[in-house]
Amino acid sequence: MDKLEHFRTMLTMRHFDEVCLEGVPTGEIHGELHTGIGQEAIGAALKACLEPEDAVVSTHRNHYHAIAAGVPLRDMLAEIFEKETGLCQGRGGHMHLFDKAHNFSCTGIVGASLPVALGYAYKFWMHDEPHVAVAITGDGGTNNGTFHECLNIAGAWNLPLVLLVENNLLAISVSIDEVLATPTIAERAAAYGAWGQKVDGAEVETVTSSLTEAVEHARAGNGPAILEATCYRFRGHFEGDHDSYRRMDDKRTMREQFDPITLYRNKLLAEGVSTEAELDDLTQTSQQEMAALLESVRADNLPDASGARDYLFVGNRA
Amino acid sequence: MDKLEHFRTMLTMRHFDEVCLEGVPTGEIHGELHTGIGQEAIGAALKACLEPEDAVVSTHRNHYHAIAAGVPLRDMLAEIFEKETGLCQGRGGHMHLFDKAHNFSCTGIVGASLPVALGYAYKFWMHDEPHVAVAITGDGGTNNGTFHECLNIAGAWNLPLVLLVENNLLAISVSIDEVLATPTIAERAAAYGAWGQKVDGAEVETVTSSLTEAVEHARAGNGPAILEATCYRFRGHFEGDHDSYRRMDDKRTMREQFDPITLYRNKLLAEGVSTEAELDDLTQTSQQEMAALLESVRADNLPDASGARDYLFVGNRA
Amino acid sequence: MSRNLSISQTVAEAIGLEMERDPSILVMGEDVGKIGGVFGSTRTLQKRFGDKRVRDMPISEMAFTGMGVGLAMSDMRPLIEIMFVDFIGVCLEQVYNAMAKIPYMSGGSVKMPMVIKTAGGCIGSAAQHSQCLWGLFAHLPGMQVVAPSNPFDHKGLMSAALRSDNPVVFIEHKALLLKKAETFLNGGHVPEERYTIPLGRANVVREGDDLTLVTISASVEYALEAAKELEQDGITPEIIDLRSVVPLDIDTLATSVNKTGRLLVVDEDYLSFGLSGEVVTRVIEKLGPSALKQVARHAVPDVPIPAAKTLEQAVVPGPASIAQAVREMQAAR
Amino acid sequence: MSRNLSISQTVAEAIGLEMERDPSILVMGEDVGKIGGVFGSTRTLQKRFGDKRVRDMPISEMAFTGMGVGLAMSDMRPLIEIMFVDFIGVCLEQVYNAMAKIPYMSGGSVKMPMVIKTAGGCIGSAAQHSQCLWGLFAHLPGMQVVAPSNPFDHKGLMSAALRSDNPVVFIEHKALLLKKAETFLNGGHVPEERYTIPLGRANVVREGDDLTLVTISASVEYALEAAKELEQDGITPEIIDLRSVVPLDIDTLATSVNKTGRLLVVDEDYLSFGLSGEVVTRVIEKLGPSALKQVARHAVPDVPIPAAKTLEQAVVPGPASIAQAVREMQAAR
Ligand SMILES: Cc1ncc(C[n+]2csc(CCOP(=O)(O)OP(=O)(O)O)c2C)c(N)n1
Ligand SMILES: Cc1ncc(C[n+]2csc(CCOP(=O)(O)OP(=O)(O)O)c2C)c(N)n1
Ligand SMILES: [Mg+2]
Ligand SMILES: [Mg+2]
């Protein structure tokens, strides 16, 4: 595992979402935007564990998972900025990124990622293909009925389903421990004969090794795996959320203590894997790349209104 | 616990469903009919455990649970026979029995009983009332998402919900072990911090003591309880089901071995609690009562067509 | 040579023929495998194609409907059976927000060759097991909604549905599934070979001049029975079988209404905010209000289906009530 | 004296006043408690009434919608919030097979005083977060379906909904919830005291002679803006705010169409198999086809709502497109 690669990936993710933020005040992104800022370690771990043919089905907070799956950054950013050049020609937008070439999709409906991922898992299983389907959900999504239905099916037939739970402690304003019957989400795995583990999702190497275990478990035909990775959501639930349910000072300290990039930077320095200069340089380069990407995407056209009724059905243009 | 009472209850239930059967060939019951024949021990146990204010929300196979909850037999039978004098004036029918006075309701939608029961449980909890809400489901229904959503909520807030699972091994033709990730349903209780137990549902005293435990657990404010009671469905899933998925001879032996009434009869005799003569007498009396009930219900009128649009809204008559 | 198949056998035959030619087709649902469906419309398929391509599912509709979406995105062609259409409320999310929208949301880059097969209509099991609901699906964009009326159409439309690259909701009628081909007034002959009927073409099943009677599914047979009765009174309705609600074949309707000037829509689905109002409005949009001398609707009068047969017959269209509706229109001419 | 509340404040005020007078009312939903709703329409209620009567729920809509049914049967009066109406697909089962049918199925012996409060309409978040769907609820019998357009109506209709012994689906519009009372062309004054507006009464919000423009929810304001623009061209539409889809106030519509002879239905919900077709058909059933000289519909053209603003504006009715639709009708006179 290339440690600098981990670092680079987390930078790409962070800076990708930071350029997305620029589209909100300008109205270039005129709907909801959910960023993953603060949750980069999980995204980077996912990138490290995926094989090309694996499928990923994500949520409303999906940018990092798309990057991990290999969705081209420019197509993504253009889609998020509602451009005709976007991954979905501006029809889908930030919550609806679909990239068939990379078996990546997502949904804005909480809990709805699991059944779709299970479909991929079933396909891999029936054709004896050595691939896994990774469903992503937040902590809140695990209280939806799909969690039960899908894990039971995967457990009954040993389907290669990996459920990656990004537990950022909150579902909008509702904290998970107020609505969860058990101390952890991961311990529910026993109810499905599944592999289950809870891990500190701010430490990229820790979460990577746990996710690797989970993926190998499923890939080897042992049935589903649930990895609960804790993390901290740096920003409001969506851009515009007053975030009144968290105390400002708590937020500040949490951000300082659980920034996966800072944590990993310090680790790399402590281990002598890299130098301040090199890491600063990587950071700058990444920032500049994303700034350039944003500038280029901004030059693209918005979709022409005349096409608004196209694609209701495949092969159909109104 | 009055042993003869148990026996009488099981006879009532069995003979009630037997007179229902008479309405099928005649077309008096012109839709689906699901009987509980073979599952009387669970019904009798429920009757023994319920307090008057407790709520029961049942399924498509609901007659025994309605009897347990105290729904008047005549109103029930008249409703099942589609009569104007029925519990619901012939609007609901066999799958839709509603008796507000006894906090009894049911649904023809699998898995849909749990959320409604949870509503009662929440009401009891918020008003500190010492009542429990019993949701009934079959084995198949436990694979629906409502199982997870409702047990998690009940577990998180210690709501007095008892889930009584009638595991008759089959969901129509699909056997539970082909679609269940774990050896038992009851062991899922751990995922919700719930009380859970699997019990032989053909032995009325065994299932009664287990259900008593479950109900007391919930009533005492310790949160939800799941009782999985195994049983054998004597007849097809519904009247008219070819039941081609079970071998005739297996069915015969199962019926002989797992008839809760025969089992209990032998027990009562072995324990010297009663005599052949007394039990035969009870049996005959019960049969005669139900035959008389049927005869009287048959004399009732069907609803007048002119009222078909009444009651869309309460207080509204078209 | 004519074979006396039941409707469910014609459906199973269509699915089997398509599965033979296309290994990407698979069937998932409750009781579709071992027993071949509660109405037999997938019978023998599991024996022929194995239990991975024909799969008995747990009662987890949201999961396996969503699985259909994932399977379709991974180049399979899933047929998902929701036993009764009444149960769609437990899994509508994956139907209308995923299956129906992904082709559009993806800018046409992801196709969704998925069929949802389900049984609607009334057979005496009351409010939660007697609905049609095609009006519900039709209101939500991105799905083709098919409801065949006879053996020939069931086979041909199922084949077409399985070959479509776009989602299809295929709504059978419980009262038709066990009915034998020879008992049908229309479309009783079912060729053994594979054939398709294009989706979205209505069928004039009986020509007439007095009024245009538009309907779908089981009501087509009821209307044909009513027409026989009406012959004695010398009333000849032109009866149109829509075959599909989406696409709605407005041209065929308009041609007929142009001729008769009178429109009666018969619908076993709920009256309001559904098929019947849309048909009336589309005809008027096409021909102008002046083209219509008379309009009437005969459908379930916006109440749940009651249990008692006396009440059920009072709210569900049948041959007698359809004949009655036609006579009332004639009387009001 | 007029107060410049936001719509969500008027809704919270109505709920609070009703909760004060009726201890059986309770509120359940995601984020309704601690933060008082993502749009603030339940703000301060948890502080005032405690966390048992105003409850933050997990993302388990099927569970808590069904809880509403159980609570209503146990003599409570639950208000269940489904954050966005787009999410109804995960819990429709309990809405249409239980809540809406139990009064009928029970032969009138069980009442169902339950309100489902949810936000519909378009605010730029694309296909899965921009729908209206009142046409979907309206097709399914047993629910009153309300969609208010202005501050005064939001408060009065919410009070009426909470007092109704029958189920109500109360659909707010995301684009209205944060809008301040004073910015409304109609119904901006909100009395502090408790009041109700009867369910099922449409409101003529602007009189005119040229045509009858029927609409609901946010489109009412859009139509009023369009009307101001049309004044310059000397076109005066009569604008009717339906207020509720079920019951549908056909008398008020018919009276207006009788006068104008021209009907334009504007609907932010999907065009087909929904509100607009039903309105056209009911008017014709009431007045006869000859009473209508012109009919037109302006609604979302049966596609999912696209993400890009340019596309979104091309499919969602707004002041400009409404004015355009009116002009086209005038031109075609
Ligand atoms: C079925 C459904 N219910 C509610 C919502 C509204 N909603 C969007 S995100 C969200 C919170 C999700 O929390 P979690 O799963 O923990 O993900 P996070 O946002 O924390 O990453 C909610 C309630 C939705 N999109 N879908
Ligand atoms: C949501 C839903 N899916 C499917 C059905 C059709 N159906 C009715 S009963 C049944 C089997 C139920 O099995 P189980 O829960 O074990 O109860 P049992 O009939 O064995 O008592 C099915 C599939 C339904 N009524 N509702
Ligand atoms: Mg979260
Ligand atoms: Mg069973």
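Letters go in sequence order (proteins before strands), and every chain restarts at 1.
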**Q** Would you indicate whether the side-chain heavy atoms of B:Leu211 and B:Val134 approach each other to under 4.5 Å?
**A**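 The answer is no, as the side chains (C-beta and beyond) never meet within the 4.5 Å cut-off.
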**Q** Would you mind checking which part of A:Ile153 comes under 4.5 Å of any heavy atom in chain B, side chain (CB onward), backbone (N, CA, C, O), both or neither?
**A**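 Looking at A:Ile153, nothing touches chain B.
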**Q** Any chance you could lay out the side-chain contact (heavy atoms from CB on, under 4.5 Å) test for A:Val116 and A:Leu118, step after step, and finish with the verdict?
**A** CA-CA 5 Å; A:Val116 176; A:Leu118 189 63; over 6 Å; no
**Q** Report yes if the side chains of B:Leu170 and B:Ile176 come closer than 4.5 Å at any heavy-atom pair, otherwise no.
**A**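 Contact flag for B:Leu170/B:Ile176 side chains = no.
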**Q** Taking 3.5 Å as the threshold, show me the donor-acceptor pairs across chain B and chain A, one per line with distances to 0.1 Å.
**A**
unit_1	atom_1	unit_2	atom_2	d
B:Thr142	O	A:His148	NE2	2.7
B:Asn143	OD1	A:Asn152	ND2	3.1
B:Gly145	N	A:Glu149	OE2	2.7
B:His148	NE2	A:Thr142	O	2.7
B:His148	NE2	A:Arg188	NH1	3.4
B:Glu149	OE2	A:Gly145	N	2.7
B:Asn152	OD1	A:Ala181	N	3.0
B:Asn152	OD1	A:Arg188	NH2	3.1
B:Asn152	ND2	A:Asn143	OD1	3.2
B:Asn152	ND2	A:Val179	O	2.8
B:Trp157	NE1	A:Glu178	O	2.8
B:Glu178	O	A:Trp157	NE1	2.8
B:Val179	O	A:Asn152	ND2	2.8
B:Ala181	N	A:Asn152	OD1	3.0
B:Arg188	NH1	A:His148	NE2	3.3
B:Arg188	NH2	A:Asn152	OD1	3.1

**Q** For residues B:Leu161 and B:Ala135, report the shortest heavy-atom separation together with the two atoms involved.
**A**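 Smallest heavy-atom distance, with atoms named: CD1-CB, 4.2 Å.
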**Q** Can you find a heavy atom in the side chain of A:Val162 that is under 4.5 Å from one in the side chain of A:Leu227?
**A**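 They are not in contact (no side-chain heavy atoms under 4.5 Å apart), so the answer is no.
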**Q** Heavy-atom distance under 4.5 Å between the side chains of A:Phe147 and A:Leu163, does that happen here?
**A**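 Side-chain contact under 4.5 Å: yes.
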**Q** Heavy-atom distance under 4.5 Å between the side chains of B:Cys231 and B:Ile42, does that happen here?
**A**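 Heavy-atom side-chain distance check passes, below 4.5 Å.
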**Q** Among B:Ile185, B:Leu180, B:Leu151, which residue forms the greatest number of heavy-atom pairs with chain A at distances under 4.5 Å?
**A**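 Answer, by heavy-atom pair count under 4.5 Å with chain A: B:Leu180.
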